[in-house]
Amino acid sequence: MSKLEILKERKKRALLGGGEQKIIQQHEKGKLTARERIELLLDEGSFHEIDTFVTHRCSDFGLEKQKFPGDGVVTGYGKIEGRPVAVFSQDFTVFGGSLSETNAEKICKIMNSAMKLGIPVIGLNDSGGARIQEGVNSLGGYADIFLLNTLASGVIPQISVIMGPCAGGAVYSPAITDFVFMVKNTSYMFVTGPNVVKTVTHETVTSEELGGAETHAVKSGVAHFSFDNEIETLLNVRKLMEYLPLNYRDTAPEYNFTEESEENQKVLDNIIPDSPNKPYDMKEIIKVLVDDDEFFEVHEHYAENIITGYARIGGISIGVVANQPSVLAGVLDINASLKGARFVRFCDAFGIPLLVLEDVPGFLPGTDQEWNGIIKHGAKLLFAFCEATVPKITVITRKAYGGAYDVMNSKHIRGDFNFAWPTAEIAVMGPKGAVEIIFKKEILESEDKEKTLDKILGEYVEKFANPYIAAERGFIDDVLQPSSTRNNLIKCFKLLKTKVDKNPKKKHCNIPL
Ligand code: HXC
């Protein structure tokens with residue numbers, strides 16, 4: 001065989017991973033192989049693999065007789081919509097995608113390089129965890145990855161896609177990264193599987209219930225996205241990338257956009273119901289305001305009382321944080337605070353401007369929330385908005401009550417432009433609660449309590465349930481006709497492109513965790 005033929009032969013061998021039989025088994029489980037996934041994720045023909053010939057160094061348990069080129073993880077570089085990314089894709093056909101020492105070295109190599117190049121890392125996870133035969137070498141490999149995940153946090157976007165098992169300590173690498181995608185029915189994440197759960201807590205639970213895509217996308221919030229199959233999942237990773245910069249010094253790509261007449265926006269002038277207690281869908285407002293009705297939602301099914309996601313306004317990529325009056329009246333609870341805070345911090349770390357749409361009655365009261373720490377969790381959202389130096393614009397559509405008024409990017413915590421619609425109500429609390437406290441005596445002492453309450457309530461609403469007192473103080477920069485909001489936002493986000501703001505020098509902040 002000539003040298004060229006040997007090279008060809010070796011490369012051909014590497015493409016087979018754990019062998020044809022294992023590839024068939026992988027397909028039978030409804031899963032694609034590591035390489036097929038990479039093909040779908042990246043622009044056609046853009047993948048450039050490295051470390052194809054790496055093998056493990058273990059000679060225990062007969063492993064020296066089982067060597068596969070690549071050793072169970074495919075790594076390299078490619079492009080998404082013409083922009084570079086680094087990728088690793090665990091190959092379940094080789095020792096169940098388990099992580100060996102060399103396997104970890106390959107992943108770390110690509111991560112180190114991605115940090116130097118300033119390009120995102122996308123990890124496709126499908127692994128039985130630490131390679132058991134390698135013992136502590138494999139555990140050390142995980143720790144090396146966790147360290148790099150942490151050091152890369154805020155430097156480059158890190159995206160984890162869970163496409164099979166992800167159990168034990170292995171879950172902590174995705175957990176440190178910025179976004180977790182899961183595939184319904186074929187992926188799961190848990191610190192201990194159903195058998196251990198049965199022994200320890202006597203609960204009977206399936207893998208899917210314990211740590212499937214639905215569980216993490218709806219209940220725990222560990223997954224930001226879940227999709228029906230692998231193809232849909234990978235296409236949505238590509239979609240997410242369109243809104244992100246390559247690193248913290250880069251800016252997200254700008255797109256062409258269609259100018260829209262205010263006539264098209266007229267629907268906004270009547271979208272807020274007359275009754276302050278009637279719900280409406282904030283997502284309808286978002287879709288009208290953003291370019292081409294396109295809103296890419298993050299954590300769509302978790303803490304639905306707050307909405308987070310990416311869109312463009314005037315071609316500029318923005319992060320949207322919005323209260324959702326149609327779910328729990330848009331109240332801020334623990335989960336909503338966590339969801340919002342994490343989103344705001346990602347946007348701030350990567351220079352993505354923020355748009356806040358506010359209709360919030362306050363923080364959720366009650367023992368459940370207090371005992372579980374709504375104070376410290378709510379503080380995370382407050383902290384995240386206070387700390388953020390990216391362009392920040394708020395539009396109050398209706399309620400801005402109490403502490404939640406301050407938290408949702410108020411002028412006082414460095415909102416660059418704070419707008420309100422004429423329907424806005426900015427007050428310490430809802431009118432009824434407020435008058436019952438400050439006019440308690442008058443109401444109790446009056447002959448017709450109901451009538452007195454109604455009269456005082458009317459006066460209170462007239463005086464406070466509007467945006468003008470805040471506007472007179474300059475806490476609101478302008479009260480907008482709703483249909484003019486989009487054009488105002490386009491101008492403001494454009495203006496804010498040159499914004500520079502800095503936080504004081506420090507080692508790092510101490511966000512209330
Ligand atoms: C070595 C492994 C392996 C592992 C699977 N394999 N997991 N080899 N180390 N961790 C091998 C199997 O021996 C098998 O090899 C092949 O991969 C496919 O595995 P199957 O069991 O046949 O597949 P399946 O039935 O689909 O089950 C997949 C699985 C199961 C659920 C992942 O293999 C499993 O439970 N594996 C162990 C999971 C685990 O406990 N890992 C350690 C977690 S603790 P052959 O040659 O037969 O095809 C951990 C610590 C991380 O990871 C710590 C970080 C701090």
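Just follow the structure's listing: the first ligand is 1, and inside any ligand the first atom is 1. Just so it is clear, the structure is predicted and the values come from calculations on it, not from any experiment. Below, all heavy atoms of this structure are taken into account, side chains as well, without hydrogens, waters or symmetry copies.
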With sequence neighbours excluded, what pairs up with Phe88 under the ring-ring contact (aromatic ring centres under 6.0 Å, His included) test? none
Under a 4.0 angstrom heavy-atom cut-off, which atoms of ligand 1 come close to Pro165? 32 (C)
Using a strict threshold of under 4.0 Å (side-chain N to carboxylate O), is an ion pair present between Glu203 and Lys198? no
Regarding atom 42 (C) of ligand 1: of the candidates Gly193, Gly168, Gly128, which has the closest heavy atom? Gly128
Please state which protein non-hydrogen atom is closest to [atom] and give its distance, to 0.1 Å?
atom                    : answer
atom 24 (P) of ligand 1 : Lys29 NZ, 4.2 Å
atom 17 (O) of ligand 1 : Gly96 N, 2.9 Å
atom 45 (P) of ligand 1 : Lys22 NZ, 3.6 Å
atom 29 (C) of ligand 1 : Tyr188 OH, 4.5 Å

Per-residue contact class, [X] against ligand 1 - non-hydrogen pairs under 4.0 Å:
X      : value
Ala130 : both
Leu139 : side chain
Phe61  : neither
Phe92  : side chain

Does the structure place the NZ or CZ of Lys219 under 6.0 Å from the centre of the six-membered ring of Tyr302, at an angle of no more than 45° from the ring's axis? no
4.0 Å protein heavy-atom contact status of atom 53 (C) of ligand 1, strictly under: yes
Under the 4.0 Å line, does any protein heavy atom show up next to atom 31 (C) of ligand 1? yes
